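If you're wondering where the values come from, they're calculated on a predicted model, not measured in any experiment. Throughout, protein chains are lettered first and strands after them, A, B, ... in sequence-line order, and every chain is numbered starting at 1.
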Amino acid sequence: MSDEQAPELAARAAALLNDAESAVAGATDRDALAAVRARLVGKRGAVKDLQRAISALPKEARRAAGQSVNVVARQVQALIDARREALEAAAGDGPLDPTFDPTWPGAVSPRGSLHPVTLILDEIRAIFTRLGFDEVSGPEIEDAWHNFDALNIPAGHPARERSDQFYVEGDRLIRSQTSTVQIRVMETNEPPLRVFAPGRVYRPETVDATHLYAFHQVEGLMVGEDVTFVDLKGCLLTFVQSLFGPDVEIRFRPSYFPFTEVSAELDVRRADGEWMEVLGCGMVHPDVLTGVGYDAERYTGFAFGVGLERLAMRRWQLGDIRLLEENDVRFLSQFG
Amino acid sequence: MRISLEWLQRYLSDPVTVDDLCDRVTMAGFPVDDREQLPNGDWTLDVEVTWNRPDCQSHLGIAREVAGLLGTTFVEPGVSLPELVDDALDVVVEADDLCPLYTARVVRGLTVGPSPDWLIRVLEGAGQRSVNNVVDITNFVLLECGHPLHAFDLGKLRGTRITARRGAGEHLTAIDGSKLEIANDEVVIADAEGPVALGGVMGGLDSEVGSDTTDIVLECALFDPLAIRATSRRHQLRSESSFRFERFVDPARAAWAADRAAALLVELGGATSVGPICAAGPGVAVHGARIELRTARVERVLGIPVPAAEICEVLSGLGLTTDQDSTPDVGVWRAPSWRPDLKTEVDLIEEVARRIGFGRIPVDVRIPVRPLQADPSRRVALRVRDRLAASGLRECCTAPFVGAGHLDIALFSDAPALQVENPMRADENLLRRSLIGPLLRVVRGNQDRGVATVRFFECASVYLRGARDDASDGATDQVPLASGVVTGSYPDAKGPVERVLDDLGVTDLVRIERGGPAPLRADRSATLWIGERRVGTIGELAPRTREALGIEADTAVFELFLNEFASSARLERPYVPVSRYPAVDRDLAVVLDESVTWARVASTVRSATGELLTAIEPLNVFRGPQIGAGRKSLALRMQLRASDRTLRGDEAEACVARVVTALESDLGGVLRA
């Protein structure tokens, strides 16, 4: 008998406790637990083996070893007792189900979903509602006055050609921009005004990975006595920060639209460092204000238009805009 | 517009880098869509030029625009011509409106050959392939100053008179080989015997400059923009010339362009004699609007003050000239000939904003708050949309065009669909009258991709001819619908509709009557009414339509007319206190005629039980010989509860007895033991 036997005994005791924990937990009925109990604390059980081993230790080590083995023995007994109580309690619920698979799919009612363009629109709606803009809408079948003349797009302008504009019977057209709603709102309301108008627009574009011929825009308009480019920047910065996060990097770049002057594009810096065009905007052209009967000396305003499909493509990294019109269930089911 | 960096550099006093150039051009309002370094070291930039800035369809225009922004000075090239020889041509314009100015000059003694390297290189940078020195020089001047030129081989022209006149249906083979018939609203350039060019668009093959050409006629003209655009579209011919003529060509540049080309023909083409510019036509007024700019107005639009001195510097830098009438409060300006877009005060304010940079304008939001104004019909539409998604339907977004045939479904109006006059595809020439057609197309698409069971909805507008009340003028109106298509039978479509009606608080207002329009099965469809207004329809798709569309599974649809719910919807409903007392269930089976609907049974039970009835549901229906032909046995369960006490057994039995009596007397029912 060497002196090293005392630590060895402590290690055996710890291993026994480990073994007991898994063996007891694995006993799923009373018979199994009885077998485990016999193996651990029966007359020929593992605990008895340990206790017998104590007597082989040097006399001065026996007291300490005996105490630690007894602690383990009590813990093992407690495990067995707790398990027995649990099994007896469960026994009242009938036989246990050995076929139960907790990973089996749950029972659910069919899940519906909203289209990604709708999800983006809801976000924009929330943002502009917070900014105090009222939601308005206008007809999709329009006349040339609202789609062109009132927007400073004169007869003969290429945008009016049949290659760029859908026409329907009866000298009407399907609007190519939601800016038509600006005109309709101003015709029937006096300033000050703050409105946004979501809607669908149509252009005879050849459909490809970045073009559809029916797509969605949100138009915005604010007119008042002291609305300036400062307000335009403030509102639209608030908008893109709300949509893309407060750290979004943006720039306003000069551009051209017949119905605004000063005109600009708002670009957002993408993750890859490139600038991406997000919306067109500008100060409402005085001719447009005059055309609806406003005093263009007294009132100024800004307007903007943003395409929703493009925003959805950026948000979800969609490589092909046609996904938004295919309505493939495997696509739709990925959205809320 | 393709810009060569090397070329542009010729008009800038100091060297610029491609990065600086791209940045400044973009921030001046001309986004650089693409840039590429060529093997010869030059950079080629694809610059987007907006419709209002035709002056920037040239290297000189872009250089003038960005020279100041790049910290350099714009250097306009000088032109020196040899003494002109008396070598006149007879030039006539017979179509003043289409061709207000036609000029031509004779240049002789040319040696046609390759262009010098620098010319080949800069043309390549601008996206042009070198042809020979004479053609290259006309292209160079066009891309330099924006004024198109054309060279005819004088030796191939017949006679000495050149006429610009309306076409008369004659034929011309253009340089690109296309055979053209020239119409009356197009310009023919003709020699003594016939057409030699389609004016402003393309020259004729027969008078093309070739390797043996020695003498040429150099054309420098102005054409009507709309006529050129129509001509170019009609013949599907687009050239650098037509592209510019259909926008704007600066009339003040015409003589310069003709001289510039002649000087280069002498310098690079060995020309020995240059004739005078021979002109005809009424001419075109040179642009140059007088514009007053109030210094205070700049701040009213931009929101920040810009000092008069700075405004002056900006506008002068863009080529505007100021008038002696100017004061610090009101500047009086004259726009340069190349800026037809500058017409009114706000045009100048935009120039100021553009040149000082939008970055200098601060960001501020001064938005007054006020109460929200919710539009009831919009709230209804949003509620319906959310409820359909919550009922397990997936929202789709479909295009509004259909072709005649099975997809041109109309559930609410028999009036024919509106025609699209210029559809993208022949089978998309109608505006949809129902959302069901496009949704069925989606069902078929998913079936083809292996998805057999679907539940779709869409909320969108359709267009119904004369749906508006004041439609006497044949007006059309747009009608918002909420529609669904589900795999399954009638109840699968009715379930989501019930949820919607319940959520709108209109369940008790809606009457459901058997029968709906084609292409629904006449026997397994229904129309929904509120009062005398049709508000929706539900039904199973007729097998013939389903087969025609190639849809394999049984399919049911619904369509709701959202406008009809705007006034009746009760989105806010009062809270009804919950009873603290227990309920009792009572089941009954009653034999009824087939024609008695569940709605009638439920309504009869409801009036017989009064306030005690808290729920009623059908348990099953049984038909068979023991019941009798044309009759059915219906089992139902009622839940009875008093709101203020525990319902006693004898009260419940009395209530059931009243129900039985009512079913027998009102519906001809017979209680089944």
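In this structure, the salt bridge (charged side-chain N to carboxylate O under 4.0 Å, His left out) partners of A:Glu161, at least two apart in sequence or on a different chain, are B:Arg229, B:Arg233. Shown here are the side chain to side chain contact (heavy atoms under 4.5 Å, CB included) partners of B:Asn446, two or more places apart in sequence or in another chain: A:Asp328, A:Val329, B:Val442, B:Arg449, B:Val451, B:Val454, B:Phe456. For A:Ala159, the side chain to side chain contact (heavy atoms under 4.5 Å, CB included) criterion is met by A:Phe148, A:Ile153, A:His157, not counting sequence neighbours.
Under the 3.5 Å distance criterion, the side-chain polar atoms of A:Arg111 are left unmatched by any main-chain donor or acceptor of B:Leu393. Formation of a donor-acceptor pair under 3.5 Å by the B:Glu395 side chain with backbone atoms of A:Leu114 is not found in this model. With A:Lys233 contributing its side chain and B:Asp364 its backbone, the two residues share no donor-acceptor pair below 3.5 Å. A donor-acceptor pair under 3.5 Å links the side-chain atoms of B:Gln478 to the main chain of A:Glu140, judged by distance alone.
A pairwise comparison of heavy atoms in A:Phe229 and B:Leu302 identifies CB-O, 3.6 Å as the closest pair. Heavy-atom minimum distance, A:Ser263 versus B:Glu350: N-OE2, 2.7 Å. Of all non-hydrogen atoms in B:Pro31 and A:Arg253, the two that sit nearest each other are CG-NH1, 3.4 Å.
Side-chain contact between A:Pro286 and B:Thr344 is absent, with no heavy atoms from C-beta onward closer than 4.5 Å.
With no hydrogens or angles considered, no side-chain donor-acceptor pair links A:Tyr167 and B:Gln419 at under 3.5 Å.
The existence of a salt bridge linking B:Arg465 and A:Glu169 is confirmed by a sub-4.0 Å separation between a basic side-chain nitrogen and an acidic carboxylate oxygen. Electrostatic pairing of B:Arg294 and A:Glu297 counts as a salt bridge here, judged by a charged N lying under 4.0 Å from a carboxylate O.
A distance of 7.5 Å separates CD of A:Glu225 from CZ of B:Arg300, quoted to the nearest 0.5 Å.
Interface residue A:Tyr213: only side-chain heavy atoms are found under 4.5 Å from chain B. In this structure, the portion of A:Thr238 lying under 4.5 Å from any heavy atom of chain B is its side chain and not its backbone. Looking at A:Tyr202, the atoms closer than 4.5 Å to chain B (heavy atoms on both sides) all sit in the side chain, from C-beta outward. Neither the backbone nor the side chain of A:Arg130 comes within contact range of chain B; no heavy atom of the residue lies under 4.5 Å from a heavy atom of that chain.
Interface with chain A: from residues 382-390 of chain B, residues B:Leu382, B:Arg385, B:Asp386, B:Ala389 qualify, criterion being any non-hydrogen pair under 4.5 Å.
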